[in-house]
Amino acid sequence: MSITLPQNYRPTEREAFMNPMQQEYFRQKLLKWKGELIEESNQTLQNMQEESLAQPDLADRATAETDRSLELRTRDRFRKLISKIDQAMKSIEEGTYGYCEETGEPISLKRLEARPIATLSVEAQERHERMERTRRDEGND
């Protein structure tokens with residue numbers, strides 16, 4: 001089933017939550033984000049292949065190695081984001097996208113707009129973070 005979104009369409013609270021238009025909106029948003037990440041990742045790879053670590057100057061070599069390390073961390077972060085985007089796309093297909101994994105309640109459209117890979121409502125996310133802080137604090141005693 002193919003849905004054509006009206007130009008400048010934005011989901012609103014007045015619509016039924018995760019109706020086909022909203023699902024298509026977020027599907028397109030996720031696809032665009034994934035494409036940008038892949039493009040940026042390919043550009044990083046190309047830059048890394050063009051640069052040589054065989055710098056005669058020790059300081060230049062150290063700088064190049066630091067830059068390379070940063071690039072690799074960024075690529076790893078992109079890889080993880082792409083995996084989360086793929087999971088979000090799968091949840092759209094399964095009809096579970098936009099619902100909190102913990103409570104089953106709808107995740108706010110504002111949160112999904114800001115973080116389309118969100119799997120927890122703001123409240124559930126805050127609970128998770130509080131529990132993590134408590135565990136971390138207990139481990140430091």
Side-chain angles (χ1 to χ4, degrees), residues 1-55 57-141:
M1 174 173 89
S2 180
I3 294 175
T4 305
L5 295 177
Q7 193 173 353
N8 299 324
Y9 170 79
R10 276 261 195 282
T12 68
E13 303 289 338
R14 293 186 303 272
E15 304 171 75
F17 186 72
M18 280 305 129
N19 66 57
M21 295 258 289
Q22 287 184 0
Q23 288 179 1
E24 181 61 17
Y25 172 82
F26 284 109
R27 190 183 75 76
Q28 287 181 19
K29 186 175 184 83
L30 289 161
L31 281 173
K32 182 176 183 243
W33 189 17
K34 181 179 178 179
E36 290 167 356
L37 289 170
I38 289 171
E39 176 62 34
E40 208 168 319
S41 192
N42 289 339
Q43 189 63 47
T44 299
L45 188 58
Q46 188 177 345
N47 291 345
M48 287 174 70
Q49 289 172 343
E50 290 170 2
E51 292 174 5
S52 171
L53 284 179
Q55 307 262 349
D57 182 53
L58 225 45
D60 288 345
R61 192 173 332 151
T63 300
E65 286 177 13
T66 301
D67 291 348
R68 189 178 196 88
S69 175
L70 264 173
E71 298 256 352
L72 289 171
R73 273 203 307 259
T74 300
R75 282 199 60 201
D76 188 51
R77 184 174 164 268
F78 285 175
R79 184 184 54 76
K80 289 175 183 171
L81 272 173
I82 288 170
S83 173
K84 288 181 180 185
I85 290 170
D86 288 341
Q87 289 171 339
M89 298 285 289
K90 186 176 180 212
S91 72
I92 288 173
E93 290 171 19
E94 294 170 348
T96 58
Y97 180 80
Y99 293 91
C100 178
E101 286 181 347
E102 216 170 77
T103 65
E105 295 291 315
I107 298 171
S108 76
L109 290 174
K110 283 183 183 177
R111 177 160 170 76
L112 290 171
E113 192 70 55
R115 184 149 179 87
I117 56 174
T119 58
L120 298 172
S121 66
V122 172
E123 297 79 13
Q125 183 68 42
E126 288 171 348
R127 251 191 325 275
H128 254 273
E129 289 171 6
R130 273 195 306 274
M131 285 174 26
E132 281 180 23
R133 265 194 307 273
T134 303
R135 277 191 227 119
R136 211 174 30 243
D137 293 345
E138 288 171 354
N140 291 332
D141 289 338

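One-based numbering along the sequence shown.
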Backbone of L70 reached by a side-chain donor or acceptor of T74 within 3.5 Å: yes

Straight-line distance of I117 CD1 to L30 CG, nearest 0.5 Å: 8.5 Å

Distance-minimising heavy-atom pair for L112 and G98: CD1-CA, 3.7 Å

Qualifying residues under salt bridge (Lys or Arg N to Asp or Glu O under 4.0 Å), relative to R111, sequence neighbours excluded: none

Nearest heavy atoms of Q22 and M18, plus distance in Å: OE1-N, 2.7 Å

For the student: nearest non-hydrogen atoms of S121 and I107, plus distance: N-CG1, 3.9 Å

Listed pairs under 3.5 Å, donor-acceptor, residues 6-17 side chains, sequence neighbours left out:
residue, atom, partner, partner atom, Å
Y9, OH, E15, OE1, 2.7
Y9, OH, E15, OE2, 3.0
R10, NH1, Y25, OH, 2.8
T12, OG1, R14, N, 3.4
E15, OE1, N19, ND2, 3.2
E15, OE2, T12, N, 2.8

Residue pairs, two or more places apart or on separate chains, that pass ring pair (Phe, Tyr, Trp, His ring centres under 6.0 Å) and touch residues 114-139: none

Pairs flagged by ring pair (Phe, Tyr, Trp, His ring centres under 6.0 Å) wherever residues 62-82 is involved - sequence neighbours left out: none

Salt bridge (Lys or Arg N to Asp or Glu O under 4.0 Å) contacts in which one or both residues fall within residues 116-127, not counting sequence neighbours: E102-R127

Residues in side chain to side chain contact (heavy atoms under 4.5 Å, CB included) contact with E36, at least two apart in sequence or another chain: K32, W33

Throw together a table of side-chain donor-acceptor distances under 3.5 angstrom for residues 80-97, partners on residues two or more places apart or in other chains.
residue, atom, partner, partner atom, Å
K80, NZ, D76, OD2, 3.3
D86, OD1, K34, NZ, 2.7
S91, OG, A88, O, 2.8
T96, OG1, S91, O, 3.4
Y97, OH, P116, O, 2.6

Interatomic distance, E132 atom CD to E129 atom CD [nearest 0.5 angstrom]: 7.0 Å

For E101, side-chain hydrogen bond (donor to acceptor under 3.5 Å, both in side chains) partners two or more places apart: none

Any residue meeting salt bridge (Lys or Arg N to Asp or Glu O under 4.0 Å) with K29, in chain and number order, not counting sequence neighbours: E113

Distance (rounded to the nearest 0.5 Å) between T66 OG1 and R68 CZ: 12.0 Å

S41: partners by side-chain hydrogen bond (donor to acceptor under 3.5 Å, both in side chains), with sequence neighbours left out: R75

Side chains of R77 and R73 in contact at under 4.5 Å (non-hydrogen atoms): no

Atom pair CZ (R79) and CG (L37), whose distance is rounded to the nearest 0.5 Å: 12.5 Å

